[in-house]
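Here's the structure we're looking at; comments come further down.
The analysis underlying the following values was restricted to heavy atoms, covering all of them including side chains, and did not include hydrogens, waters or symmetry mates. A note on names: the letters A, B, ... follow the listed sequences, proteins ahead of strands, and every chain is numbered from 1.
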There are 2 protein chains.
Amino acid sequence: MIKSNPTRQKILESAFQEIHLQGFQAASLNSILTRSDVTKGALYHYFPDKQALGFAVVEELIKEAVLQFWLRPLEEASDPIDGLKGLINVAGKSLSDEDVLLGCPLNNLCLEMSPIDDGFRQRLKQVYELWREGFAWALRAGQTNGTVKSTINAMDCATFIVASLAGCRSLAKNAQSRDVLNACGQNLTLYLDTLQP
Amino acid sequence: MIKSNPTRQKILESAFQEIHLQGFQAASLNSILTRSDVTKGALYHYFPDKQALGFAVVEELIKEAVLQFWLRPLEEASDPIDGLKGLINVAGKSLSDEDVLLGCPLNNLCLEMSPIDDGFRQRLKQVYELWREGFAWALRAGQTNGTVKSTINAMDCATFIVASLAGCRSLAKNAQSRDVLNACGQNLTLYLDTLQP
DNA sequence: TTGATTACATACCAACCAGTATGTATAATT
DNA sequence: AATTATACATACTGGTTGGTATGTAATCAA
């Protein structure tokens, strides 16, 4: 009964929304309870404290979202550069207006919590490393099958791509502009082209 | 007496430090007062409320730092690509360990405050636009003197460069690693090379 | 000299917060 | 049938927060 419980899941998803909007520290438990129509007793039945709730949001929702959107599709692509360009394109189109306004949940939490809570930092770092290693793995596969230049350092490239994606969403969030997001994505695909042999 | 007052300046700088570490919402006025060795009466004498203090930090400290570190040096460079590569290099070296751990003050505030306070958002946006326009101006100057490819869209490129810089510092902050920062900067300079004619 | 303004200092307050204590209906176990 | 554990629900608390009310010493203007 620890996992895949509907009440627990409702709490998790409401917590994700509240944290995505307000940040973790400013996220109010009472507000999460109102959102999910659940009581404080239920919350503290499933999570020992606010921090544990935050950790669960990172490990169960955010990590899963990265896997599902960025990594699994890329595993099936034969040309990683084509695959990445496609994903960037899809990302720009599939993000809702609210998603543009709220930015990347991983990066938001990252900037807020990394310096003040090492438990958060390590869990967020795990997700970032999963992401970077997934991209690096795809780039190396491309180097093997000849779709990616053999001279590049796959992990460094992957890191830069993830960083740029995060940065693009930052600027778009501040500018409240899908155009900024697309202009950034456009230029990132130009960089990707330079990785071809 | 409204400006360049030593007490006011002390408050501003302590506020900057506290906000840089904790974020704006979590920044405690009492903690700022302890840092600056000033009393609440003094703080509320110079700033009507916490928000106004935050605005002043953005407009007087953060904006000025962007101008001084990124824009003024670039004005004097004859080749903007060389200039940018030099600045990225200097940035990587001149950042203190603490600076790496705390990340970019502008981007931190941006992600925290943009969705929940439009006054903050607009002031931060002004700084980002100053930054992007400064880079774009330099790139256009390069297009004129033949050091930059004429086919690129200067503003879009500038936006991408700023976004990537922000993203690099995000990942480095989370990883607590200067290596990540340098690897990202390295790849950003590779992108910059592709802007040459 | 005197009245007003500036530049703080101290004490206090209402609101909100995460967390707890206690109670209870239901379901599982023995 | 009796006992125990689960899954909540409600009421409360101590600590912190941004902000205010009030007071005062020093400076400036008339």
Side-chain angles (χ1 to χ4, degrees), chain A residues 1-58 60 108-109 112-113 115-120 123, chain B residues 1-58 60 108-109 112-113 115-120 123:
Chain A
M1 286 107 174
I2 271 286
K3 274 216 177 182
S4 82
N5 177 299
T7 303
R8 201 186 104 103
Q9 204 62 23
K10 264 207 299 183
I11 297 170
L12 266 184
E13 274 155 26
S14 300
F16 171 81
Q17 287 176 26
E18 172 82 0
I19 292 170
H20 197 194
L21 176 61
Q22 307 274 2
F24 175 76
Q25 296 174 94
S28 152
L29 293 186
N30 285 327
S31 174
I32 292 171
L33 297 177
T34 306
R35 270 179 200 274
S36 52
D37 201 33
V38 151
T39 63
K40 199 163 271 195
L43 197 161
Y44 278 93
H45 175 68
Y46 288 104
F47 304 96
D49 54 22
K50 193 189 179 188
Q51 191 192 43
L53 174 60
F55 288 179
V57 166
V58 173
E60 297 176 36
N108 290 353
L109 268 177
E112 182 190 0
M113 301 307 293
I116 58 176
D117 185 318
D118 210 61
F120 255 106
R123 283 162 178 85
Chain B
M1 283 102 172
I2 272 283
K3 274 217 176 180
S4 80
N5 177 300
T7 302
R8 202 185 103 104
Q9 203 62 23
K10 263 206 299 182
I11 297 170
L12 266 185
E13 274 154 26
S14 301
F16 171 82
Q17 287 176 26
E18 171 82 0
I19 292 170
H20 197 193
L21 176 60
Q22 307 275 1
F24 176 76
Q25 296 174 96
S28 150
L29 293 186
N30 286 327
S31 174
I32 292 171
L33 297 176
T34 306
R35 270 178 200 275
S36 52
D37 201 32
V38 152
T39 62
K40 198 163 270 195
L43 196 162
Y44 277 93
H45 175 69
Y46 289 104
F47 303 96
D49 53 22
K50 192 189 180 188
Q51 190 191 43
L53 174 59
F55 288 179
V57 166
V58 173
E60 297 175 38
N108 289 353
L109 268 177
E112 181 189 1
M113 301 306 293
I116 57 176
D117 185 318
D118 210 62
F120 255 106
R123 283 163 178 84

>> In whole Å, I'd like the distance from the CG atom of Asn5(A) to the P atom of dA27(C).
In response: 14 Å

>> Tell me whether the side-chain N/O atoms of His45(A) come closer than 4.0 Å to OP1 or OP2 in dA7(D).
In response: yes

> Is there side-chain contact between Ile32(A) and Gln17(A), with at least one heavy-atom pair below 4.5 Å?
Replying inline: no

> Can you tell me how far the CG atom of Asp37(A) sits from the CD1 atom of Ile11(A), to the nearest 0.5 Å?
Replying inline: 11.0 Å

>> What is the separation between atom CG on Leu43(A) and atom P on dT10(D), rounded to the nearest whole Å?
In response: 15 Å

> Which nucleotides of nucleotides 12-21 of chain C have their base under 4.0 Å from a protein heavy atom (B), which only their sugar-phosphate (S), and which neither (-), written as one string 5' to 3'?
Replying inline: -----SBBB-

>> I'd like to check Glu112(A) versus Gln25(A) (side-chain heavy atoms, cut-off strictly below 4.5 Å). Are they in contact?
In response: yes

> Under 4.0 Å between a side-chain N or O of Thr7(B) and OP1 or OP2 of dC8(C)?
Replying inline: yes

> How many angstroms lie between atom CZ of Arg35(B) and atom CG of Leu21(B), to the nearest 0.5 angstrom?
Replying inline: 6.0 Å

> So which heavy atom on Phe24(A) is nearest to which on Lys50(A), and how close?
Replying inline: O-NZ, 2.9 Å

>> Please report the distance, rounded to the nearest Å, between CD in Gln9(A) and C1' in dA7(D).
In response: 17 Å

> How about Arg8(A) and Glu60(A): do any of their side-chain heavy atoms sit closer than 4.5 Å?
Replying inline: yes

> Starting at OH of Tyr46(A) and ending at P of dA5(D), how long is that distance when rounded to a whole Å?
Replying inline: 18 Å

> Just how far, in rounded Å, is P of dT17(D) from CG of Leu53(B)?
Replying inline: 15 Å

> Which whole-number value in Å describes the distance from Lys10(A) NZ to dA7(D) C1'?
Replying inline: 13 Å

